[in-house]
Each structure stands twice: as C-alpha cells, then as structure tokens.
Number of protein chains: 2
Amino acid sequence: MDKPAIDRTDRLSLIPLFAGLPRPHLEALTGIAVPRTVPAGRRIFSEGEEGRGFYAILTGRVKIFKLSPEGKEQILHLFSPGEIFGEVAVFTGQGYPAHAAAERACSLLFFPREAFVGLIRGDASLALGMLAVLSVRLRRFTRMVEDLSLKEVPGRLAAHLLYRSGAEKKEVVELDLSKTQLAALLGTIPETLSRILTRMGRRGLIRTQGSRIAILDRAGLETIASEGGKLP
Amino acid sequence: MDKPAIDRTDRLSLIPLFAGLPRPHLEALTGIAVPRTVPAGRRIFSEGEEGRGFYAILTGRVKIFKLSPEGKEQILHLFSPGEIFGEVAVFTGQGYPAHAAAERACSLLFFPREAFVGLIRGDASLALGMLAVLSVRLRRFTRMVEDLSLKEVPGRLAAHLLYRSGAEKKEVVELDLSKTQLAALLGTIPETLSRILTRMGRRGLIRTQGSRIAILDRAGLETIASEGGKLP
DNA sequence: ATCGGTCCTTGACTTAAGTCAAAGACGTTC
DNA sequence: GAACGTCTTTGACTTAAGTCAAGGACCGAT
C-alpha cells in the first residue's frame with residue numbers, strides 16, 4: 001500500500017515552477033491539484049472557453065494553437081513535462097486565449113483558479129516563479145512576432161534549426177515532430193517547408209534524412225537567419 | 001516649498017499596476033523610483049542591452065519595436081501614461097528583448113531591478129498585479145501572432161479599426177499615429193496600407209479623411225476581420 | 001506666399017509563398 | 001506482403017504583398 005499524498009508532492013517538485021518551494025507550500029499545492037489524463041489527440045480546452053485554472057504536464061506533450069477560418073493551424077507552443085499552460089486565463093480572469101490539445105497521451109495536473117490565486121496571494125516566492133515563467137514566454141513571443149513579420153520562411157527555418165541544434169552546436173537535429181507540425185510552428189504550410197528544405201539541401205546547407213537533419217554549413221544558416229535570407 | 005516625497009507617491013498611485021497598493025508599499029516604491037525625462041525620438045534602451053530595471057510612463061508615449069536587417073520596423077507595443085515597459089528583463093535577468101524609443105517627449109520613472117525584486121519578494125499583492133500585467137500582454141501577443149500568420153493585411157487592418165472603434169462602436173476612429181506607424185504596427189509597409197485603405201474606401205467600408213477614419217460598414221469589416229477577408 | 005521637408009499615394013514590376021492536384025514514401029494493420 | 005491511411009514531396013498556377021520610383025499633399029519655417 002503506497003502513500004499517495006507523498007508521491008504526489010514529490011511529483012510536484014519536478015515541475016520547475018515549484019522546484020524551489022519549501023515543503024509546506026508544496027503540500028498545499030498538492031492539496032489543490034487535480035490529476036487528469038488525456039488520450040492522444042484529445043482537445044484539452046478551446047479558445048474562449050472560461051478559464052477555470054491552469055495545467056501542469058507530468059507526461060506527454062501538449063500543443064497550444066490557433067486556427068484560421070480556413071482551418072490553417074498556427075502552433076504557438078509545444079509544451080513538455082514540467083511545463084505549465086493555461087495560466088494566462090488565471091490572471092486575466094477571461095477565457096483561454098487559444099486552443100490546447102494533447103499531442104500524445106498526457107498525464108496532467110489541473111490547478112483550479114480560485115484555490116491557486118489564494119495560495120499565491122500569500123506567497124511571494126511562488127508569485128516570483130510565476131513571473132519568471134510568464135516573462136520567458138513573453139520573450140519567446142517577442143521573437144515569434146519578429147520572425148513572422150520581419151523574416152521570410154527560410155530565415156525562420158534557419159533560426160529554428162540553429163536553435164534546436166543548441167549551444168552545443170549539435171551536427172544533427174532530430175525533429176521530434178512531423179514536418180507538417182514544424183510548418184505550423186513556423187507559420188507556414190508543409191509544401192512550402194518541404195520546398196525550402198530541398199533548396200537548403202541543394203545549396204549544401206543541410207542534409208535531411210527522414211526526421212533527422214544534418215547541419216552542414218552552420219555559418220550559411222546563420223547568415224540566412226539574421227540577414228534577410230535569400231537562397232538562390 | 002513643496003514636499004516632493006508625497007507628490008511623487010501620489011503620482012505612483014496613478015499607475016494602474018500600483019493603484020491598489022497600501023500607502024506604505026507605495027512609499028517604498030517611491031523610494032526606489034528614479035525619475036527620467038526623454039526628448040521625443042530618443043532611444044530609451046536597445047535590444048540585447050543589459051536589463052537593469054523597468055520603466056513606468058508618467059507622460060508621453062513609448063514605442064517598443066524590432067528592426068529587420070534591412071531596417072523595416074515592427075512595432076510590438078505603443079505605451080501610454082500609466083503603463084510599464086521593460087519588465088520582462090527584470091524577471092528573466094537577461095537583456096531587453098526589443099528596442100524602446102520615446103515617440104514623444106516623455107517623463108518616466110525607472111525602477112532598478114534589484115531593488116524592485118526585493119520589494120516584490122515580500123509583497124504578494126504587488127506580484128499579483130505584475131502577473132496580471134504580464135498576462136494581458138501575453139494575451140495580446142497571442143492575438144498578434146495569430147493575426148500575422150493567419151490573416152492577411154486587410155483582415156489585420158479591419159480588426160484593428162474595430163478594436164479602436166471600441167465597445168462604444170464609435171463611428172469615427174481618430175488615428176493618433178501616422179499611417180507609416182500604423183503600417184509598422186500591422187506588420188506591413190505604408191504603401192500596402194495605403195492601397196488597402198483606398199480599396200476599403202472604394203468598397204464603401206470606410207471613408208478616410210486625413211488621420212480620421214469613418215466606419216461606414218461595420219458588418220463588412222467584421223467579416224473581413226474574422227474570415228479570410230478578400231476585398232475585390 | 002514660397003520654399004523645403006516629410007508623409008502619403010499611385011503605378012509598374014517582382015517575388016515569396018499559398019493553392020490545387022497528383023504521385024511517392026512510410027508505417028500499420030489485417 | 002498487400003492494402004490502407006497519413007505524411008511528404010513535386011509541379012503548375014495564382015495571388016498577396018513587397019520594391020522601386022515618381023508625383024502629390026501637407027506643414028512649418030523663412
């Protein structure tokens with residue numbers, strides 16, 4: 001027979017947002033968290049729906065996205081275990097600003113709004129953690145807006161590949177998402193992405209094998225990512 | 001002879017972020033705030049610059065923007081008195097994520113990072129206010145990303161006009177910015193904006209007279225804003 | 001009133017990227 | 001291993017929007 005209360009509190013401390021919190025606070029959070037599992041593909045919430053709380057991901061992956069009237073999808077975020085989502089609705093008190101769906105089967109924790117705000121109201125360190133999360137997100141959006149309006153698709157793709165190659169400058173980037181999804185993330189469509197990958201391949205910048213992309217000419221990609229970025 | 005400490009505290013309470021705070025907290029904030037005036041056009045900080053703190057606007061207007069390598073400008077925000085900016089750098093501890101410049105002559109208050117974080121650390125209500133501000137901003141960006149990637153320029157313009165017409169459904173929108181700036185805000189260029197305004201005029205959707213735009217066919221604009229939005 | 005500047009508009013052209021359609025690759029299931 | 005579905009690639013075409021360049025309007029200053 002296990003002791004679920006303790007297990008659950010331990011799991012909470014794996015979420016970076018809560019990582020530094022003292023034990024009693026973690027236990028209080030455990031008290032308000034509601035576990036929820038979601039099968040792959042299932043919608044978690046929809047844009048405009050009343051925001052009753054936010055979620056933390058224990059396992060799986062969640063996609064946050066917008067849809068155009070014609071059905072084109074713009075992915076705003078892809079969240080992995082340890083990350084939270086839906087928190088904007090908690091502090092604005094309005095509906096969720098976008099759709100959320102399980103990319104893969106997920107196990108989540110749901111934090112109801114009222115209860116969570118109650119905790120945060122008395123705990124500035126929890127609030128500070130939340131501020132850090134929102135700030136990082138805001139910073140990412142700033143870049144995203146810049147990319148969408150100032151860069152063309154090759155520039156966005158180059159920037160994205162370099163980003164995923166990371167500070168360790170990995171030679172090979174393993175895409176853990178379909179090219180269709182990558183297109184949605186870059187604000188374009190699969191056909192365009194495919195063409196640009198081909199062109200980059202021809203120019204000797206990259207070599208793609210399935211979902212694996214080898215970076216052959218890092219400097220070239222950097223040029224494309226920062227300067228306008230034509231590839232003739 | 002006046003009592004500057006009190007005047008300054010009163011001014012602080014005009015900033016919505018601080019509005020609900022109890023007197024002692026306001027005085028603490030006054031203690032760390034550094035007044036600064038900036039002439040029209042002057043840069044306040046640049047992208048990447050170390051973020052030593054954030055600003056609140058007392059008078060004037062501030063533009064937050066990104067620049068493409070070719071010099072095209074994407075305006076991210078236009079801030080007015082009572083609003084704050086540069087706060088993301090405070091919580092991420094990294095450089096400012098975009099440029100800031102005074103649109104008009106400004107009088108600002110500067111809140112140095114360390115001191116402000118010290119205050120917030122002990123005051124969850126101040127932190128909650130900050131969370132609300134960031135959440136609203138995040139929500140706006142969500143819409144901006146959606147617009148940029150899923151809507152064409154006529155759709156963005158229509159949405160913007162309706163937004164400015166407000167809930168009161170004002171018949172006439174008075175632009176308090178140049179059309180060049182409006183273009184930058186919509187993620188396009190003045191020529192394109194000009195053409196679309198003309199087309200909308202021809203279609204009987206709006207009538208423009210200088211910086212004043214009359215909304216003639218609200219329903220038509222709503223269609224363009226929400227559905228793809230062709231205007232033949 | 002006239003000059004000079006900046007902003008705005010218009011036209012002709014170019015181009016990036018989206019649409020539509022079809023064929024190829026890949027993996028899964030029966 | 002054949003058949004199905006989904007994802008990906010490719011081609012031909014269309015189109016929205018950017019570039020370049022030239023006028024025109026507007027405004028403040030002389």
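Just so we're clear, the structure is a prediction, and the values are computed from it rather than from any experiment. The chains referred to below are lettered A, B, ... by the order of the sequence lines, with proteins before strands, and numbering in each begins at 1.
At a cut-off of 3.5 angstrom, the base of C/dT10 holds no donor-acceptor pair with the side chain of B/Arg202. Remark: the A/Arg199 side chain and the D/dT9 base include no donor-acceptor N/O pair separated by less than 3.5 Å.
For A/Phe18 and A/Phe111, the ring centers are positioned less than 6.0 Å apart.
For D/dT8, neither phosphate oxygen OP1 nor OP2 lies less than 4.0 angstrom from any side-chain nitrogen or oxygen of A/Ser194. The side chain of B/Lys72 places no N or O atom within less than 4.0 Å of a non-bridging phosphate oxygen (OP1 or OP2) of D/dT19. The phosphate of D/dG18 (OP1 or OP2) has a side-chain N or O of B/Thr188 nearer than 4.0 angstrom.
Here B/Leu157 contributes atom CG and B/Ile213 contributes atom CD1; the two are 6.5 Å apart, rounded to the nearest 0.5 Å.
Residue B/Leu186 contributes atom CG, which lies 11 Å from atom P of D/dG18 at whole-angstrom precision. Across the protein-nucleic acid pair, B/Ile189 atom CD1 and C/dA16 atom C1' stand 14 Å apart, rounded to whole Å. Between A/Leu148 atom CG and C/dA17 atom C1' the separation is 14 Å, expressed in whole Å. Atoms CD (B/Glu70) and C1' (D/dG18) sit 11 Å apart, rounded to a whole Å. Nucleotide C/dA17 holds its C1' atom 12 Å from the CG atom of A/Leu193, rounded to whole Å.
DNA chain C is contacted by both A/Arg156 and B/Thr208; B/Thr208 maps to the nucleotide lying nearer its 5′ end (nearest heavy atom per residue).
Checking C/dA17, C/dG11, C/dT19 against every side-chain atom of A/Glu152, the shortest atom distance belongs to C/dA17. Checked against C/dC20, C/dC8, C/dT10, the side chain of B/Thr198 finds its nearest nucleotide in C/dT10. Proximity note for A/Glu191 (side chain, C-beta onward) versus C/dC8, D/dT9, C/dA17: the nearest is D/dT9. Minimum atom distance to the side chain of A/Arg195 is reached by D/dG11, of the listed D/dT9, D/dG11, D/dA17.
In this structure, A/Lys72 does not pair ionically with A/Glu70, as no charged nitrogen and carboxylate oxygen lie closer than 4.0 Å.
Nearest heavy-atom pair, B/Ala89 versus B/Tyr96, reported as atom, atom and distance to 0.1 Å: CB-CD2, 3.7 Å. Closest approach of A/Lys66 and B/Thr142 over heavy atoms only: CE-CG2, 3.5 Å.
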